[in-house]
Number of protein chains: 2
Amino acid sequence: MPYDPSAFPPFAVTVDLVVLTVRRHALCALAVRRGEPPFQGRWALPGGFVRADEDLAQAAARELAEETGLRVHDPAVPAQDNGAHLEQLATYGDPKRDPRMRVVSVAHLALAPDLPAPRAGGDASNARWAPVEELLQQGGYGRDGEPLAPLAFDHAQILADGVERARSKIEYSSLATAFCPPEFTVGELRRVYEAVWGVALDPRNFHRKVTGTPGFLVPTGGTTTRQGGRPAQLFRAGGATLLNPPMLRPEV
Amino acid sequence: MPYDPSAFPPFAVTVDLVVLTVRRHALCALAVRRGEPPFQGRWALPGGFVRADEDLAQAAARELAEETGLRVHDPAVPAQDNGAHLEQLATYGDPKRDPRMRVVSVAHLALAPDLPAPRAGGDASNARWAPVEELLQQGGYGRDGEPLAPLAFDHAQILADGVERARSKIEYSSLATAFCPPEFTVGELRRVYEAVWGVALDPRNFHRKVTGTPGFLVPTGGTTTRQGGRPAQLFRAGGATLLNPPMLRPEV
DNA sequence: GTGTTTATCGTCAGGCAGACGACTATGATC
DNA sequence: GATCATAGTCGTCTGCCTGACGATAAACAC
């Protein structure tokens with residue numbers, strides 16, 4: 001198959017970001033409001049073109065930094081929590097997914113601790129954290145009375161895929177700690193699982209599981225009472241990335 | 001961010017295929033020999049350009065049919081085994097991965113039963129099934145005395161990612177049946193797991209596990225002795241796609 | 001028949017998870 | 001200060017699943 005430059009159609013390649021965080025007991029995603037057609041005024045996932053000299057992961061990290069100020073966690077510095085988790089999610093290339101031209105989008109999934117406030121070029125009204133159920137639900141009205149319109153393009157599908165990836169991945173990996181601040185309690189970690197899965201977990205069994213898994217949590221020695229009640233031990237994420245055996249989400 | 005056509009660089013988009021099968025107790029991948037530079041004469045994964053009006057999955061299915069004659073299993077006809085399993089794997093877009101131009105490749109993973117013989121445009125010498133260890137190993141000589149050169153482009157990485165995906169996915173899904181003919185025995189299925197994981201499994205525990213998982217296997221009523229020894233029951237793949245609890249590969 | 005191969009059924013002990021009781025240590029309220 | 005509410009932590013018990021492995025069954029080769 002010769003690589004005749006006239007033999008292949010040109011594509012635009014973008015990265016789209018599913019940025020997830022946990023706020024007020026709910027799994028939330030970052031959404032930005034589109035400023036121009038198509039889908040003008042509708043909410044969409046943040047994203048942008050891949051530049052000529054950029055790798056896909058670089059482009060995703062750049063977009064993430066532009067939208068949130070987050071830096072990407074460097075796997076070479078495991079002990080230091082220096083940013084968000086970022087991984088490639090999937091690629092979407094339906095010929096009609098963008099009405100103007102042929103665009104292939106490489107979606108990425110980012111997991112971040114709760115952040116102060118989104119910034120999209122400094123305009124806060126054009127970026128927000130929204131519960132994923134609200135973004136995926138069609139029709140009706142959001143918490144602020146705004147009518148719920150589906151996300152632009154195929155972004156509802158991308159978001160759904162990203163949420164499902166996150167939900168399944170925290171089962172067998174230590175990725176849930178990416179939603180937590182550098183130091184956190186077992187209860188805070190449990191509330192992350194509960195928000196992502198949308199279920200209630202038994203605090204005692206959860207405590208036994210996460211503290212009994214070698215390398216998952218490392219006690220820092222400190223305690224906190226920021227959640228009220230009895231002071232809780234503080235932990236950092238340990239070096240283990242895979243949980244074996246996994247923590248399976250309850251069925252139904 | 002305006003979609004000014006002059007604002008984004010044009011990309012070529014290809015699909016590359018990791019086609020896996022099990023032959024003679026070994027996990028094998030389809031490799032094709034490159035006919036022109038770069039990497040002329042080297043082995044590579046099959047693949048090709050995505051056409052202007054094609055979805056990514058369509059392009060991958062078309063390439064798979066061109067290279068192997070396989071049709072893709074239609075999920076809408078679960079009971080009928082009408083082809084191979086095909087899923088998107090990951091996307092590779094390093095700016096230097098192709099020395100000629102900017103190419104983004106959307107890799108797909110295909111799992112197929114053992115096939116008669118590969119065909120690459122009718123020329124058998126330019127396509128072959130090779131054990132994945134041989135394709136991933138650098139230096140030395142293959143079984144036929146041919147010197148082992150690394151796969152072209154970043155295809156060794158793509159192959160490694162595809163193999164790891166297959167190895168982990170048969171843990172928690174019924175996907176291993178995609179390596180089997182429409183009717184198969186428990187022993188044949190076990191040999192698939194053994195080949196993919198490269199380990200030996202206890203036949204008794206394996207039998208208990210797969211026959212005890214509801215919806216995994218459906219007895220057809222027939223038996224066969226094609227493996228020698230006592231006749232074995234024949235099964236088809238059941239409707240279940242997820243195994244819960246999973247069948248974990250033995251550690252180390 | 002004897003030996004070999006493969007399939008299939010059973011048994012047993014250990015590990016792990018779900019259900020849940022009990023106790024501890026803080027802040028809030030009266 | 002006593003009481004209450006809240007959250008954290010330690011145990012116990014039971015049932016399920018798995019790994020290790022014995023035993024039997026049904027074919028073929030000689």
Side-chain angles (χ1 to χ4, degrees), chain A residues 24-25 170-172 180 183-195 197 199-236 240 242-252, chain B residues 24-25 170-172 180 183-195 197 199-236 240 242-252:
Chain A
R24 296 193 235 99
H25 274 228
I170 64 173
E171 285 189 323
Y172 58 89
C180 296
E183 294 200 351
F184 52 89
T185 69
V186 173
E188 288 165 348
L189 183 63
R190 175 170 49 82
R191 279 180 281 273
V192 164
Y193 273 91
E194 291 177 333
W197 285 343
V199 298
L201 300 175
D202 185 289
R204 298 156 291 187
N205 292 337
F206 184 87
H207 189 276
R208 177 182 58 190
K209 174 69 178 173
V210 297
T211 56
T213 299
F216 191 7
L217 299 183
V218 178
T220 66
T223 61
T224 183
T225 85
R226 61 185 167 217
Q227 298 292 335
R230 170 176 164 180
Q233 250 189 301
L234 283 170
F235 295 87
R236 280 187 300 102
L242 254 50
L243 265 46
N244 207 325
M247 171 150 43
L248 297 172
R249 48 186 147 168
E251 1 201 341
V252 185
Chain B
R24 298 193 233 98
H25 274 228
I170 65 174
E171 284 190 322
Y172 57 90
C180 296
E183 295 200 349
F184 54 90
T185 68
V186 173
E188 288 165 349
L189 184 62
R190 175 171 48 83
R191 279 180 279 275
V192 163
Y193 274 90
E194 292 178 332
W197 286 344
V199 299
L201 300 174
D202 184 289
R204 297 155 293 188
N205 292 337
F206 183 87
H207 189 277
R208 177 183 59 190
K209 174 69 178 174
V210 297
T211 57
T213 300
F216 191 8
L217 299 183
V218 178
T220 66
T223 61
T224 183
T225 128
R226 62 186 168 216
Q227 299 291 336
R230 170 176 165 180
Q233 250 189 299
L234 282 169
F235 295 88
R236 280 186 300 101
L242 255 49
L243 266 44
N244 209 325
M247 171 150 42
L248 297 174
R249 48 186 147 168
E251 7 201 335
V252 186

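Hydrogens, waters and symmetry mates are skipped; everything else that's a heavy atom, side chains included, is used. Quick note on labels: first sequence line is chain A, next is B, and so on, each numbered from 1.
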### Message
Main chain of B:His25, side chain of B:Glu194: is a donor-acceptor contact present, judged purely on distance under 3.5 Å?
### Response
no
#### Entry: DNA chain C-proximal residues of residues 214-224 of chain A, any heavy atom under 4.0 Å
none
### Query
OP1 or OP2 of C:dC16 sitting under 4.0 Å from any side-chain N/O of A:Lys209?
no
### Task
Taking all non-hydrogen atoms of both residues into account, name the closest pair between B:Pro214 and B:Ala240 and its distance.
O-CB, 3.8 Å
### Minimum heavy-atom distance between B:Trp197 and B:Met247, given as atom pair plus value
CH2-O, 3.3 Å
#### Entry: Shortest non-hydrogen contact from A:Leu189 toward A:Phe216
CD2-CZ, 4.1 Å
### Query
Going by heavy atoms in the side chains, are A:Thr211 and A:Pro219 under 4.5 Å from each other?
no
### Message
Are B:Thr223 and B:Leu234 packed together at the side-chain level, in the sense that at least one heavy-atom pair is separated by less than 4.5 angstrom?
### Response
no
### Task
Mind jotting down which residue pairs meet the salt bridge (charged side-chain N to carboxylate O under 4.0 Å, His left out) criterion with at least one end in residues 204-223 of chain B? Sequence neighbours excluded, please.
B:Asp202-B:Arg204
### Summary
Applied to residues 216-234 of chain B, the salt bridge (charged side-chain N to carboxylate O under 4.0 Å, His left out) test, sequence neighbours excluded, yields B:Glu188-B:Arg226
### Message
Just the rounded figure in Å: distance from P of C:dA17 to CG of B:Asn244.
### Response
13 Å
### Message
Test of understanding: with salt bridge (charged side-chain N to carboxylate O under 4.0 Å, His left out), list the residues that count as partners of A:Arg191, not counting sequence neighbours.
### Response
none
### Query
On DNA chain D, nearest-nucleotide positions of B:Met247 versus B:Thr225: which is more 5'?
B:Met247
### Summary
Scanning both residues in full, the closest heavy-atom pair of A:Phe206 with A:Val186 reads CE2-O, 3.6 Å
### Query
Does anyone know the first and last nucleotide of DNA chain D in reach of chain A, 5' to 3', at under 4.0 angstrom to a heavy atom?
D:dT6 to D:dT12
Could you go through nucleotides 3-10 of chain C and list every protein N or O atom that sits under 3.5 Å from one of its N or O atoms, giving the distance for each pair?
unit_1: C:dT6; atom_1: O2; unit_2: B:Arg230; atom_2: N; d: 3.2
unit_1: C:dA7; atom_1: OP1; unit_2: B:Arg191; atom_2: NH2; d: 3.4
unit_1: C:dA7; atom_1: OP2; unit_2: B:Arg190; atom_2: NH2; d: 3.2
unit_1: C:dA7; atom_1: N3; unit_2: B:Arg230; atom_2: NH1; d: 3.1
unit_1: C:dT8; atom_1: OP1; unit_2: B:Gln233; atom_2: N; d: 2.9
unit_1: C:dT8; atom_1: OP2; unit_2: B:His207; atom_2: NE2; d: 3.2
unit_1: C:dT8; atom_1: O5'; unit_2: B:His207; atom_2: NE2; d: 3.4

